[in-house]
A.B. asks: 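Take this structure, written in structure tokens, and hold onto it; I'll ask about it next.
Count residues from 1 along the sequence.
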Amino acid sequence: MRKVDDDGGGSGGGSDAIYKWVDINWTFTEPSPAGLVKGFEVVIYTGTDPTDTSKYLKSPERGLLATDRRLVTTYSYRTYTAAPTNVNAAVRVVYPDGKSAWVATTSSLAPATPPVTAYQSDNLIPNPTSELGAVVGYAGQLVVNDATNAYAGNYCRKLDASATNQTALTPVIPCIYGDQFSFDGYVKGSNGTVAAQLVLKFYDASGATVGTSTSVAFAGAVYQTMTPFRGAAGSSAVGVQAFVQASTTGAGQFLYFDNLSLRRAVKFNHMETDGGFRAANALKNLLGTGTTADRAFYVGNCDPNTLGGAPKISCLTITRRRWDTTLKIGRLELSLTPSGAPTTDNLDGMRPAKIVWYRQSIPGTTATLTLLDTTYPSMHDRLFANTTDSNAANTVTTTTTLIDGGISTGCPACLVTLYNAFGPSETHCFYAATGNGDGSALVDNGQTWPAGITGGSGGGAGGGGGGGGSCPAPWVLVDVIEAGVETRKRADALVAGDLVVTYHAGTSTRGRWPIKAVSTVEGQERWDVTFEDGLVLTDAVHHRFYLTDGRQVSIEDLQPGDIVAGDAPRVVVSAAYRDRGPVVAITVDMAYSYQTSGVLQSNLKAEG
């Protein structure tokens, strides 16, 4: 670590902060197949223990790429506190299923025992690193406990090379015509003469072999990376199986395999990479739709330039399936059908929809609406059933049911918002037309109800990019002033005019500011954040917290080790989905923030 600027000045405007610039460098040689390392994390701390979060000068820097070897950043302290001494930096490696230990940057970043990945979700080889041991089935095929001959860890796969042996490492994996598979790993021989090959065999529906792809032979007494090779499924192939074999033999000799990788490649315009929707579409736009990649999870066909990637709700049809005024049961059928422009429908990566139910007094465009309840049915991604993307055969359908005492004479109406990985669609108003009965479609009237229908909330614009929330669960304690004394009060007991104790979002000044409005919002997605001292706070998804390094982070994006700001700064242990339920929407006048149990949270409600 090298200090590049020892400027004692702040950022201007009378700030009392002292900023220190640091230049952190490290070296690292990846000890596993290319692509196994996801990136790095860097922490700046005082003392000698990088695991002591109380000594952190800022939250760990995350999001560094696997190719990064340098970070230039700052830490700060206040003029009224002593300058930190013995300032150090440490780096750790981030793997798909874990992290290495922190390593001080005074030496090269080379953990003595790098973590060994036991499983990767997109790797079709069971137990690819062998570290699960000699378990039953293909995951244990050829596996031996032999740390001397393992590339990493304690286990590897050992093949008798005294004859031309060929052993399957996978069951038969379903495939279709045009699928491509990439196969690679590490290999060595017990001497320098025996050689290994990787083999892919393709089978038709009868089980007959209809194609074989074989890698070049690899020989050597030390581990080397086998050059990835590809095999493609022919027109009659319905399955593929991976093998290792001895191609050059020797009496009493063996071949050792480790860190094997088999991945399926698909077209970019029908895929999502492990970087997410945006990565897939960015690569698609940059490289063209004919480009292939090795990591595919599911079909991804969303255009970020249309509604920010959010779903096109005009593709939705709602059909009334039941309105039982005796048993008080309502059921609606929701169908998504691609339009004539399937690449901009954004019907992939779908999340549960939001259905706000109403009882419509009479069918038609002149009626009164009575609010009933809200349901959140799961929505499926659009199908790709044949080569015509916009064909009705690619429609997907789900149902949502409501049991409510308010279901009586009349018919159903609803406000509907669709969601996918990018965000919400527009919110549309669906009402029952004249003569509506079971089996009839509701009418989509866009973002407003017909002029003659009263009593319902209007729709709204959607679009990707995320929204905000400032809503704790009803039982969360908010820091307030009562009778001139600082205390805490349940969120559901707050009223307009109550004074919260907080820090002004613009000036960071601590003081008291009035609550402008309070309301309860039902059926919201709620998350728990747990801190090292045992405190658990429950808030709506997208609720933002202030960190001690000045960032604002949504609850679902908080990471272990993050330090939240406030009267009682706390270290995050975890953030996890809890349930759906009511939250309390709080609008704080002027300050745009409030505290819960001394934790500073952003208030996103605008003034005015």
Side-chain angles (χ1 to χ4, degrees), residues 28-37 95 100 110-120 123-173 181-201 209 212-231 240-263:
F28 179 72
T29 301
E30 187 172 351
S32 302
L36 193 58
V37 170
Y95 293 88
S100 74
T113 307
V116 178
T117 302
Y119 176 74
Q120 287 179 271
N123 194 340
L124 299 174
I125 300 287
N127 189 16
T129 62
S130 307
E131 292 305 303
L132 295 179
V135 294
V136 176
Y138 288 101
Q141 197 79 294
L142 301 177
V143 172
V144 294
N145 188 346
D146 186 351
T148 301
N149 287 303
Y151 177 77
N154 297 311
Y155 293 85
C156 61
R157 284 176 164 88
K158 180 180 180 180
L159 179 68
D160 185 353
S162 59
T164 309
N165 290 323
Q166 185 182 84
T167 302
L169 297 183
T170 69
V172 175
I173 300 166
F181 296 85
S182 178
F183 195 3
D184 67 274
Y186 283 78
V187 65
K188 77 169 186 175
S190 54
N191 63 24
T193 60
V194 292
Q197 285 181 301
L198 304 178
V199 179
L200 291 175
K201 286 187 177 181
T209 301
T212 302
S213 297
T214 305
S215 73
V216 299
F218 296 87
V222 296
Y223 269 112
Q224 59 179 305
T225 305
M226 294 180 283
T227 304
F229 84 100
R230 289 181 183 272
V240 62
Q241 193 169 21
F243 296 80
V244 291
Q245 72 176 22
S247 57
T248 303
T249 62
Q253 301 301 312
F254 298 91
L255 288 161
Y256 300 93
F257 301 85
D258 212 348
N259 289 350
L260 294 159
S261 172
L262 175 65
R263 291 183 170 88

A.B. asks: Quick check: closest heavy atoms across Q241 and A168, and the distance to 0.1 Å?
C.D. replies: NE2-CB, 3.5 Å
A.B. asks: Considering residues at least two apart in sequence or located in another chain, which fulfil the ring pair (Phe, Tyr, Trp, His ring centres under 6.0 Å) criterion with F243?
C.D. replies: none
A.B. asks: In Å, rounded to the nearest 0.5 Å, how long is the span from CD1 of I173 to CZ of F181?
C.D. replies: 6.5 Å
A.B. asks: About how many Å separate CG of D258 and OH of Y186, when rounded to the nearest 0.5 Å?
C.D. replies: 10.0 Å
A.B. asks: Quick one: side-chain hydrogen bond (donor to acceptor under 3.5 Å, both in side chains) partners of Q197, sequence neighbours excluded?
C.D. replies: Q245
A.B. asks: Sequence neighbours excluded, which residues qualify as side chain to side chain contact (heavy atoms under 4.5 Å, CB included) partners of V144?
C.D. replies: D146, C156, K158
A.B. asks: Does any non-hydrogen side-chain atom of L255 lie less than 4.5 Å from one of N165?
C.D. replies: no
A.B. asks: Not counting sequence neighbours, which residues clear side-chain hydrogen bond (donor to acceptor under 3.5 Å, both in side chains) with T212? List them please.
C.D. replies: none
A.B. asks: May I have the step-by-step check of side chain to side chain contact (heavy atoms under 4.5 Å, CB included) for V244 and V187, ending in yes or no?
C.D. replies: CA-CA 10 Å; V244 291; V187 65; over 6 Å; no
A.B. asks: With sequence neighbours excluded, tell me which residues meet side chain to side chain contact (heavy atoms under 4.5 Å, CB included) with T248.
C.D. replies: A195
A.B. asks: Please name the pair of heavy atoms, one in P126 and one in L169, separated by the smallest distance, quoted to 0.1 Å.
C.D. replies: CD-O, 3.4 Å
A.B. asks: So, using side chain to side chain contact (heavy atoms under 4.5 Å, CB included) as the criterion, who are the partners of T193 when residues are at least two apart?
C.D. replies: N191
A.B. asks: Enter the distance from Q141:CD to I125:CD1 here, rounded to the nearest 0.5 Å.
C.D. replies: 11.0 Å
A.B. asks: Output all residues satisfying side-chain hydrogen bond (donor to acceptor under 3.5 Å, both in side chains) with T209, sequence neighbours left out; order by chain, then residue number.
C.D. replies: none
A.B. asks: What are the two closest non-hydrogen atoms of N127 and A139, and how far apart are they?
C.D. replies: ND2-O, 2.8 Å
A.B. asks: Considering the options F257, Y256, Y223, which one meets the ring pair (Phe, Tyr, Trp, His ring centres under 6.0 Å) requirement together with Y151?
C.D. replies: Y223
A.B. asks: For R157 and L260, what are the C-alpha separation, side-chain angles and deciding distance, and is it a side chain to side chain contact (heavy atoms under 4.5 Å, CB included)?
C.D. replies: CA-CA 10 Å; R157 284 176 164 88; L260 294 159; 3.9 Å; yes
A.B. asks: Would you please name every residue forming a side chain to side chain contact (heavy atoms under 4.5 Å, CB included) with S162, sequence neighbours left out?
C.D. replies: D160
A.B. asks: As an exercise, state the distance from CZ of F183 to OG of S213, rounded to the nearest 0.5 Å.
C.D. replies: 11.5 Å
A.B. asks: Take T170 and L124 through the side chain to side chain contact (heavy atoms under 4.5 Å, CB included) test and state the conclusion after the steps.
C.D. replies: CA-CA 8 Å; T170 69; L124 299 174; 5.5 Å; no
A.B. asks: Sequence neighbours left out, what passes side-chain hydrogen bond (donor to acceptor under 3.5 Å, both in side chains) with T249? Give chain and number order.
C.D. replies: none
A.B. asks: I need the S190 OG to Q253 CD distance, nearest 0.5 Å.
C.D. replies: 3.5 Å
A.B. asks: Rounded to the nearest 0.5 Å, what separation is found between the CG atom of L198 and the CG atom of L262?
C.D. replies: 9.5 Å
